[in-house]
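Below is one structure, written out as structure tokens; the observations come after it.
When a residue number appears, it is its place in the shown sequence, counting from 1.
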Amino acid sequence: MSSNHTLLLTILVFFLGSIFCNVSPAFGSKTHADSWIPVKNLNGPKLVKIGKFAVGEHNNKANSNLMFDKVVKAEIRQGYGIEYNLTIVAKDGARNDKPKTYVTVVVYDQFMDSSHLVSFKGPIYV
């Protein structure tokens with residue numbers, strides 16, 4: 001690839017990142033992407049979808065049988081993708097146990113329309 005193509009590609013990536021990810025050198029070192037923003041509507045379809053995704057991915061990786069119940073706390077942080085920090089309630093489908101609380105982080109890549117489970121911890125006791 002010639003240096004002109006490389007320069008053009010670099011400019012294009014920076015430009016698209018500035019538009020779609022709200023990233024700009026004008027913000028300095030502290031941006032809105034540095035902090036979690038609480039989500040008030042815990043029953044929103046996107047949060048429920050992300051919560052169910054996290055439980056499904058955890059079940060696949062841990063060979064477990066958790067069943068998603070609800071989101072009890074949610075925060076988001078925007079960067080390259082949207083990070084969801086969710087506190088969820090789920091119960092073990094194999095047993096008739098009481099629902100338990102778990103904390104999970106999922107990254108949603110809006111450009112690829114895909115999600116990735118970053119962590120799934122619990123049960124935790126609140």
Side-chain angles (χ1 to χ4, degrees):
M1 192 183 287
S2 72
S3 63
N4 286 341
H5 285 108
T6 305
L7 178 61
L8 181 60
L9 182 61
T10 303
I11 291 170
L12 182 63
V13 168
F14 178 75
F15 178 72
L16 291 175
S18 297
I19 290 174
F20 293 112
C21 297
N22 293 328
V23 176
S24 170
F27 285 120
S29 62
K30 185 80 171 159
T31 69
H32 65 284
D34 293 332
S35 59
W36 290 99
I37 300 166
V39 177
K40 294 181 182 177
N41 182 9
L42 300 178
N43 298 316
K46 185 65 176 181
L47 284 185
V48 170
K49 182 178 177 180
I50 294 291
K52 287 181 178 180
F53 168 81
V55 170
E57 286 294 298
H58 172 73
N59 284 342
N60 289 337
K61 290 179 181 180
N63 197 24
S64 62
N65 194 23
L66 293 178
M67 294 173 48
F68 174 83
D69 184 30
K70 63 184 174 181
V71 176
V72 294
K73 181 181 176 187
E75 300 172 307
I76 60 170
R77 179 168 60 185
Q78 181 109 24
Y80 168 72
I82 302 172
E83 288 181 86
Y84 291 85
N85 182 9
L86 305 180
T87 303
I88 62 171
V89 174
K91 66 180 194 171
D92 191 334
R95 302 180 205 159
N96 202 8
D97 289 346
K98 291 181 182 179
K100 295 181 178 148
T101 304
Y102 300 85
V103 176
T104 185
V105 175
V106 173
V107 174
Y108 173 70
D109 182 341
Q110 56 221 12
F111 303 114
M112 300 298 289
D113 191 28
S114 65
S115 298
H116 172 71
L117 180 64
V118 175
S119 69
F120 193 98
K121 298 178 183 175
I124 62 166
Y125 302 97
V126 287

| remark: Between Leu42 and Leu47, the two heavy atoms sitting closest are CA-CD1, 3.9 Å
| query | Mind checking whether Leu117 and Val55 sit in one hydrophobic cluster, side chains of I, L, V, M, F, W, Y counted as touching below 4.5 Å? | reply | yes
| More than 12 non-hydrogen atoms from neighbouring residues, nucleotides or ligands closer than 6.0 Å to CG on Asn63, yes or no? | no
| request: Please answer whether the main-chain N or O of Thr104 pairs with a side-chain N or O of Ser119 as donor and acceptor at a distance below 3.5 Å. | output: no
| message | Count I, L, V, M, F, W, Y as connected when their side-chain heavy atoms are under 4.5 Å apart, and connections chain through other members. Are Val89 and Phe53 then in the same cluster? | response | no
| note | Nearest heavy-atom contact between Leu66 and Ala90 is CB-CB, 4.4 Å
| remark: In short, Ala74 meets Leu86 closest at the heavy-atom pair CB-CD2, 3.5 Å
| message | Can you tell me if Lys61 has over 12 outside heavy atoms packed within less than 6.0 Å of its NZ? | response | yes
| query | Does the side chain of Pro123 come within less than 4.5 Å of Thr101's, by heavy atoms? | reply | no
| query | Just one of Ile82, Ile50, Val107 clears the side chain to side chain contact (heavy atoms under 4.5 Å, CB included) bar with Ser115, so which one? | reply | Ile50
| query | If you take all heavy atoms of Tyr108 and Tyr84, which pair is closest and at what distance? | reply | CB-CE1, 3.9 Å
| remark: The complete set of salt bridge (charged side-chain N to carboxylate O under 4.0 Å, His left out) pairs with one or both residues in residues 112-126, sequence neighbours excluded, reads none
| task | Name all residues meeting the ring pair (Phe, Tyr, Trp, His ring centres under 6.0 Å) criterion together with Phe120; count only those two or more places apart in sequence or in a different chain, and write none if there are none. | result | His58, Tyr102
| query | Are Val106 and Val118 linked, directly or through other ILVMFWY residues, by side chains that come within less than 4.5 angstrom of each other? | reply | no
| task | Using salt bridge (charged side-chain N to carboxylate O under 4.0 Å, His left out) as the criterion, list what pairs up with Asp109, not counting sequence neighbours. | result | none
| note | By side-chain contact (heavy atoms from CB on, under 4.5 Å), Asn85 pairs with (sequence neighbours left out) Trp36, Glu75, Val103, Val105
| said: If hydrophobic clusters are built by linking Ile, Leu, Val, Met, Phe, Trp and Tyr wherever their side-chain heavy atoms come under 4.5 Å apart, do Val71 and Ile37 end up in the same one? | reply: yes
| Lys52: what forms a side-chain contact (heavy atoms from CB on, under 4.5 Å) with it, not counting sequence neighbours? | Val48, Phe68
| Can you pull the side-chain hydrogen bond (donor to acceptor under 3.5 Å, both in side chains) pairs that have at least one residue in residues 39-48, sequence neighbours excluded? | none
| field | Candidate pair Ile88 and Asp69, rule side chain to side chain contact (heavy atoms under 4.5 Å, CB included), full reasoning | value | CA-CA 7 Å; Ile88 62 171; Asp69 184 30; over 6 Å; no
